[in-house]
Amino acid sequence: MKYLVSTITLLISLNLFAQQKVVNYDENEVPNYTLPRLLVSENGRKIKNTKRWEKIRRPELLKLFGREVYGKIPLEIEIADVIVHEEAGEAFDGLAIRRQVELVFRKDDQELSVELLLYLPKDSNDVPVFIGYNFNGNHTVADDPDIRLTESWVRDNPSLGIVHNQVTEQSRGVSRERWPIEEILEAGYGIATMYCGDVDPDRDNFQDGIHPFSYQLGQFRPGYDEWGTISAWAWGLTKAMDYLSTVADVDSSSVIVFGHSRLGKAALWAAALDQRFAMCISNNSGCMGAALSRRQFGETVGSITKAFPHWFCENLNKYASREENLPVDQHMLLALVAPRPLYVTSATEDLWADPKGEFLSAVEAGKVYQLYDLEGLPVSEIPQPDSPVSGTIAYHIRTGEHNITSYDWRQFIDFANKQLTKEE
Ligand code: GCU
């Protein structure tokens, strides 16, 4: 008996030790690593100018991220219908108009509806617009009683009244602090959002959302190199862009795609794939977002593929604990946004997302901006908290936790003002 107890105690402590080792938060434990070369093509050709970047390296990297990380989008599908639920509702005491549309996709007997909520400053035209997903339904972004409730699957959260995977009135406006919509409108921007789960519910199940549209008869999940949930979300953003290009009051050459956390990963991938997005904001996107995987600091390829396997294509599993074999690293994803303005943020308490890895990745991506005679980041050392730095890439590390706050938004607006202002 005594022997048994001490064996169990030993096993428990070994296990605890192993768990502690799994997450590294110690800069001294970051392995020596060499990043895959951004500006050398697969057959060894130096990428010295924008022409070679655009013709050779950019397509190669898009292919690699598609095949090995997020999964290729195996589907060409257009919006079949736009159902306009509201054309120009008055919102925010007359500051804005609210438009709500349902983008409908159809294939054979399948149908998918994605609801888009758009606020535009009243009486303005040619408006630049921020677009990004929300986590729990459009109605969570503002205390606006007229925002429609999603009927899609939402993760249960009884404290918000989300039960049986359906939202209720109780969650109206609960995320408003993350969405300073009045400030955005007052600054002259529109803002559009969709619930990510309309496009693909965030669960390990490939039977819902857009995925089944791409299946052959008898197929129940995407192929090894085909889209996980992040690619599905990125696809949804490109479809929202299709719609925004048809809205007369929107300046479709100034659409800024943004996202927080997992949705920041999707925003980056969408901006990489679709060059119609004029600017991209990655807020605390971390592992498989902005952060360098080879640092293995905080969340790693091993932990993310274990906890959220459905976000990626199956091929990514090969690189769990084998980051050095990845043919890409995340600086290459950031570089795919070039030459368009890019904002990367971190937060001091968000070590899980590896702030330093997000910063270093942005520094490296600057090499492609330089091909365009643009300065990426103006510094090579991580700045002090709450001290934004910017070239055509911007970066700040905010004091506080994993979140998107009005402080972050003020910096995004300032940066967009600087970068998107047209020369008269
Ligand atoms: C988890 C996950 C992160 C992700 C985050 C989020 O923490 O590990 O990769 O960014 O959720 O989306 O909030």
Side-chain angles (χ1 to χ4, degrees), residues 54 79 82 88 91-92 95-99 101 103 116-134 141 179-194 234-260 263-264 266-283 334 336-345 365 368-369 372-376 388 390-395 404 408-424:
E54 285 168 16
I79 302 171
V82 177
F92 296 107
L95 181 63
I97 64 134
R98 180 188 50 246
R99 179 173 301 186
V101 299
L103 311 178
L116 184 139
L117 165 68
L118 172 65
Y119 289 112
L120 294 172
K122 199 164 179 181
D123 299 327
S124 51
N125 47 39
D126 246 1
V127 186
V129 170
F130 289 95
I131 179 159
Y133 283 115
N134 58 72
V141 307
W179 296 81
I181 295 175
E182 283 170 280
E183 273 178 59
I184 294 168
L185 293 162
E186 275 160 5
Y189 291 82
I191 179 147
T193 187
M194 304 180 290
W235 169 85
L237 288 165
T238 71
K239 293 293 130 180
M241 183 71 212
D242 290 352
Y243 167 71
L244 289 175
S245 313
T246 69
V247 180
D249 296 334
V250 168
D251 174 3
S252 58
S253 68
S254 302
V255 175
I256 304 162
V257 65
F258 72 93
H260 168 60
L263 302 177
L268 283 169
W269 183 222
L273 289 167
D274 190 339
Q275 298 190 75
R276 292 175 301 170
F277 291 114
M279 173 174 145
C280 179
I281 299 168
S282 146
N283 193 79
L334 301 187
L336 288 169
V337 180
R340 295 160 292 162
L342 166 68
Y343 206 128
V344 174
T345 76
V368 175
Y369 286 78
Y372 289 90
D373 286 329
L374 296 169
E375 183 180 44
S390 68
T392 307
I393 303 178
Y395 176 84
I404 179 167
D408 298 314
W409 274 104
R410 277 198 298 279
Q411 316 317 314
F412 303 153
I413 291 169
D414 283 354
F415 185 59
N417 284 344
K418 248 196 275 171
Q419 294 290 330
L420 301 181
T421 313
K422 290 184 204 124
E423 309 281 359
E424 292 301 324

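Checked against salt bridge (Lys or Arg N to Asp or Glu O under 4.0 Å), Asp242 has the following partners two or more places apart in sequence or in another chain: Lys239, Arg276.
Considering only heavy atoms from C-beta on, Val129 comes within 4.5 Å of Leu120 through its side chain. Taking the side chain as every heavy atom from C-beta outward, Leu420 and Ile256 approach each other to under 4.5 Å.
Distance check, rounded to the nearest 0.5 Å: OH of Tyr243 to CD1 of Ile131 gives 10.5 Å. Atom CG in Leu336 sits 11.0 Å away from atom SG in Cys280 (nearest 0.5 Å). The OH atom of Tyr372 sits 3.5 Å away from atom CD of Glu54, with the distance rounded to the nearest 0.5 Å. Separating the CD1 atom in Ile404 from the OG1 atom in Thr345 is a distance of 7.0 Å, to the nearest 0.5 Å. Residue Thr193 holds its OG1 atom at 8.0 Å from CD1 of Ile181, rounded to the nearest 0.5 Å. With rounding to the nearest 0.5 angstrom, the CG atom of Leu185 is 5.0 Å from the CG atom of Leu95.
Across every non-hydrogen atom of Gly188 and Val127, the tightest pair is O-CG1, 3.5 Å. Nearest heavy atom pair, residue Leu273 against residue Ala234, reads CD1-CB, 4.3 Å. The shortest heavy-atom contact between Met194 and Gly236 is CE-O, 3.7 Å. Between Ser253 and Ala278, the closest heavy-atom pair is O-CB, 3.2 Å. Nearest heavy-atom pair across Glu183 and Ile413 is O-CD1, 4.2 Å. The shortest heavy-atom contact between Ala271 and Val337 is CB-CG2, 4.2 Å.
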Practice problem: Apply side chain to side chain contact (heavy atoms under 4.5 Å, CB included) to the pair Val82 and Leu103, showing each step before the final yes or no. | Solution: CA-CA 5 Å; Val82 177; Leu103 311 178; 4.1 Å; yes
Exercise. Applying side chain to side chain contact (heavy atoms under 4.5 Å, CB included), run through Val344 and Leu334 and close with a yes or a no.
Key: CA-CA 9 Å; Val344 174; Leu334 301 187; 4.2 Å; yes
Practice problem: Begin with the C-alpha distance, continue with both residues' side-chain angles, and end with the deciding distance and a verdict on side chain to side chain contact (heavy atoms under 4.5 Å, CB included) for Ile184 and Tyr119. | Solution: CA-CA 10 Å; Ile184 294 168; Tyr119 289 112; over 6 Å; no
Quiz prompt | Intermediate values then yes/no, side chain to side chain contact (heavy atoms under 4.5 Å, CB included), Asp408 and His260 | solution = CA-CA 11 Å; Asp408 298 314; His260 168 60; over 6 Å; no
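Residue Phe415 forms a ring pair (Phe, Tyr, Trp, His ring centres under 6.0 Å) with just one option from Phe258, Tyr343, Tyr395, and that option is Tyr343.
Tyr133 contributes no side-chain N or O that, together with a main-chain N or O of Ala267, makes up a donor-acceptor pair within less than 3.5 Å. With Glu375 contributing its side chain and Tyr369 its backbone, the two residues share no donor-acceptor pair below 3.5 Å.
Classified by interplanar angle (parallel below 30°, tilted 30° to 60°, perpendicular above 60°), the ring pair Trp409/Trp179 is tilted.
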